[in-house]
Amino acid sequence: MKPRILFAVGALLLAGLTLFGCNNPDAVSRVLGSFGSVGGAPVGDYAASAVKGVSAVAHAAEDFNPEQEYYIGRTVGASLLAKYKPYGDARANAYVNEVGQALAMFSDMPQTFGGYHFLILDSAEINAFAAPGGLVFITRGMLRCCAGENALAAVLAHEVAHVQNKDALRAIKRARTTEALAIIGGEAVKHAAGAEVSRLTNIFADSIGDIMTTMVNNGYSRTLEYQADKTAVTILTRTGYNPAGLPDMLAEMQKKLTPGGADFAKTHPAPGDRITELASLARVAEIAEPPARVARFKAALGNI
Amino acid sequence: MRSRKLAVVLTLALCLGGALAIAAKVMNVSVRDGQVRDTPSFLGKIVGKASYGQSVDVGGEQGDWIKVTLSGGVSGWMHRTALTTSKVALSGGAGAAGSVSGKEMALAGKGFSAEVEADYRKSHGGNYAAVDAMERVRYDAAALLAFLGQGDVKPQGGAK
């Protein structure tokens with residue numbers, strides 16, 4: 001009997017360790033949590049896709065702590081803003097922040113180190129970017145694809161999804177992460193000395209380069225984009241927006257995109273493909289938005 | 001049969017032990033300005049603040065919310081995503097210096113930090129002023145829910 005008991009105890013211990021997630025307790029609890037509720041609401045059928053996203057990301061998410069993610073995001077933002085000018089209309093920016101920050105609150109990652117912040121870029125290009133940690137940028141050209149607040153919410157929810165799924169961080173080459181973590185984790189160095197700082201700065205610069213190349217030139221994989229669309233549907237539904245805003249916006253974008261253009265035409269799957277991929281979750285629909293919503297969208301973005 | 005009973009008791013004890021270890025653990029704040037609320041909701045009144053890297057005692061959980069007690073004795077609820085079980089590194093001169101243990105401070109100044117950003121800026125530039133301005137735009141949860149309400153946007157389950 002004794003060996004059997006030992007075996008049983010051992011197996012249970014192992015199972016326990018796995019369950020309680022010694023490797024990544026955060027990911028485990030997040031996955032469990034996202035099955036639960038947001039503001040007491042059942043998440044329903046959409047939860048599965050979000051959960052898939054979260055678990056797939058657990059590994060990359062562990063590499064950098066929230067503060068490092070924040071500093072990477074700031075510099076990605078500063079690089080984008082050296083390339084694109086911020087759009088100066090305070091009212092328009094406030095409105096985009098209200099919609100975006102409200103959506104972020106209903107994501108699986110409502111809190112980040114520095115919080116979510118949104119900014120309109122003064123460009124006719126159809127584009128949007130999500131830097132790590134929650135800095136989100138959207139061009140005037142992209143806003144012109146949005147017929148109303150539902151469509152705007154859809155674009156922003158897609159970007160929040162990229163933040164939540166940590167997609168930008170995945171663009172960093174594995175070797176850089178390993179090297180950075182070796183320096184960061186080095187027991188001998190209590191405070192980063194000059195040499196370490198400059199080594200870290202080089203890795204930092206290369207990492208920013210990786211992200212910018214992916215974000216601006218190559219785009220994420222189709223899989224990550226479709227996943228971000230699915231996560232966006234979850235976020236929209238929880239927040240109370242009709243998720244049909246997403247295919248609606250994509251249909252409008254399809255009309256406006258110039259084939260071969262250096263914007264979403266280059267970095268994202270064709271809008272039509274995204275609509276097809278979304279078909280079971282959200283359909284293109286004529287959405288009659290409540291008058292108050294129509295009015296505030298027009299007041300803030302009517303002249304965009 | 002006694003040994004089988006013993007096995008059952010042992011496994012039960014192990015499982016319970018595991019659960020208790022989870023319930024009675026310490027977690028670390030993973031956001032810059034952690035807010036402790038009196039109810040497990042973004043609408044709960046803020047009763048305390050906890051800075052990045054600060055340890056909190058975990059006393060239970062409800063959905064996505066974790067019941068915490070701060071070192072000063074204040075207790076309340078923090079959202080799960082504002083906490084981590086990993087030890088978070090602090091950058092040198094972070095505001096939380098007074099509230100963390102020496103062990104945690106040993107990690108200070110490591111990693112991508114304000115120091116690395118400053119070093120990077122010297123050689124690469126970048127429009128950080130615009131990023132700083134962007135970060136100043138903040139709305140609290142109550143204002144955002146009011147905004148949704150004014151636009152007739154109804155969160156699932158209502159604004160709890």
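A quick note: this is a predicted structure, and the numbers were derived from the prediction, not measured.
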Given side chain to side chain contact (heavy atoms under 4.5 Å, CB included), test A:Leu135 with B:Glu135 step by step and report yes or no.
CA-CA 8 Å; A:Leu135 299 180; B:Glu135 287 185 346; 4.3 Å; yes

Given that the side chain runs from C-beta out, which part of A:Val99 has a heavy atom under 4.5 Å from chain B: side chain, backbone, both or neither?
both

Spacing of A:Asn97 atom CG and B:Met134 atom CE [to the nearest 0.5 Å]
7.5 Å

Minimum heavy-atom distance B:Gly126-A:Ala82, with the two atoms named
CA-CB, 4.4 Å

Between A:Ile208, A:Thr201, A:Ile203, which shows the greatest number of heavy-atom pairs under 4.5 Å with chain B?
A:Thr201

When rounded to the nearest 0.5 Å, the distance separating OG1 of B:Thr81 from CE of A:Met109 is 6.0 Å

List, one per line, each side-chain donor-acceptor pair under 3.5 Å for residues 89-96 of chain A, sequence neighbours excluded.
unit_1	atom_1	unit_2	atom_2	d
A:Asp89	OD1	A:Arg91	N	3.0
A:Asp89	OD1	A:Ala92	N	3.1
A:Asn93	OD1	A:Ile120	N	2.8
A:Asn93	ND2	A:Tyr87	O	2.7
A:Asn93	ND2	A:Asp89	O	3.1
A:Tyr95	OH	A:Glu149	OE1	2.6

Side chain, backbone, both or neither of A:Phe297 within contact of chain B (heavy atoms, under 4.5 Å)
neither

Which heavy atom of B:Val137 sits nearest to which heavy atom of A:His117, and what is that distance?
O-ND1, 2.9 Å

Give, as side chain, backbone, both or neither, the part of B:Arg121 having an atom under 4.5 angstrom from any heavy atom of chain A.
side chain

Return the set of residues passing side-chain hydrogen bond (donor to acceptor under 3.5 Å, both in side chains) with B:Tyr120 (not counting sequence neighbours), or none when no residue passes.
none

Which one wins on heavy-atom pair count under 4.5 Å against chain B: A:Ala292, A:Ala205, A:Pro110, A:Pro290?
A:Pro110

Provide the closest heavy-atom pair for B:Pro155 versus A:Phe106 in the form atom of the first, atom of the second, distance.
CB-CZ, 3.6 Å

Gap separating the CG atom of A:Leu103 from the CG atom of B:Leu148, nearest 0.5 angstrom
7.5 Å

With respect to chain B, which residue among A:Pro291, A:Gly115, A:Gly114 yields the maximal number of heavy-atom pairs within a distance under 4.5 Å?
A:Gly114

Heavy atoms only: give me the nearest B:Tyr52-A:Pro66 pair and the separation to one decimal.
OH-CD, 3.8 Å

Give me the atom names and distance for the closest heavy-atom approach of B:Phe42 to A:Gln111.
CE2-NE2, 3.5 Å

Below 4.5 Å from any heavy atom of chain B, which atoms of A:Pro86 appear? Answer side chain, backbone, both or neither.
side chain

For A:Gln101 and B:Tyr139 the tightest heavy-atom approach is OE1-N, 3.1 Å

Quick one: do A:Gln68 and B:Val116 satisfy side chain to side chain contact (heavy atoms under 4.5 Å, CB included)? Show the steps, please.
CA-CA 10 Å; A:Gln68 289 166 19; B:Val116 169; over 6 Å; no

Quick one: which residue pairs count as a salt bridge (Lys or Arg N to Asp or Glu O under 4.0 Å) with a foot in residues 199-209 of chain A, not counting sequence neighbours?
A:Arg176-A:Asp206

Does the side chain of A:Asn65 come within less than 4.5 Å of B:Ser30's, by heavy atoms?
no

What part of B:Ala143 lies closer than 4.5 angstrom to a heavy atom of chain A: side chain, backbone, both or neither?
neither

Between CZ on residue A:Phe204 and OG on residue B:Ser113, distance to nearest 0.5 Å
8.5 Å

Per-residue contact mode, A:Thr239 against chain B (heavy atom under 4.5 angstrom):
both

Residues 72-80 of chain A vs chain B, non-hydrogen distance cutoff under 4.5 Å, contacting residues -> A:Ile72, A:Arg74, A:Thr75, A:Gly77, A:Ala78, A:Ser79

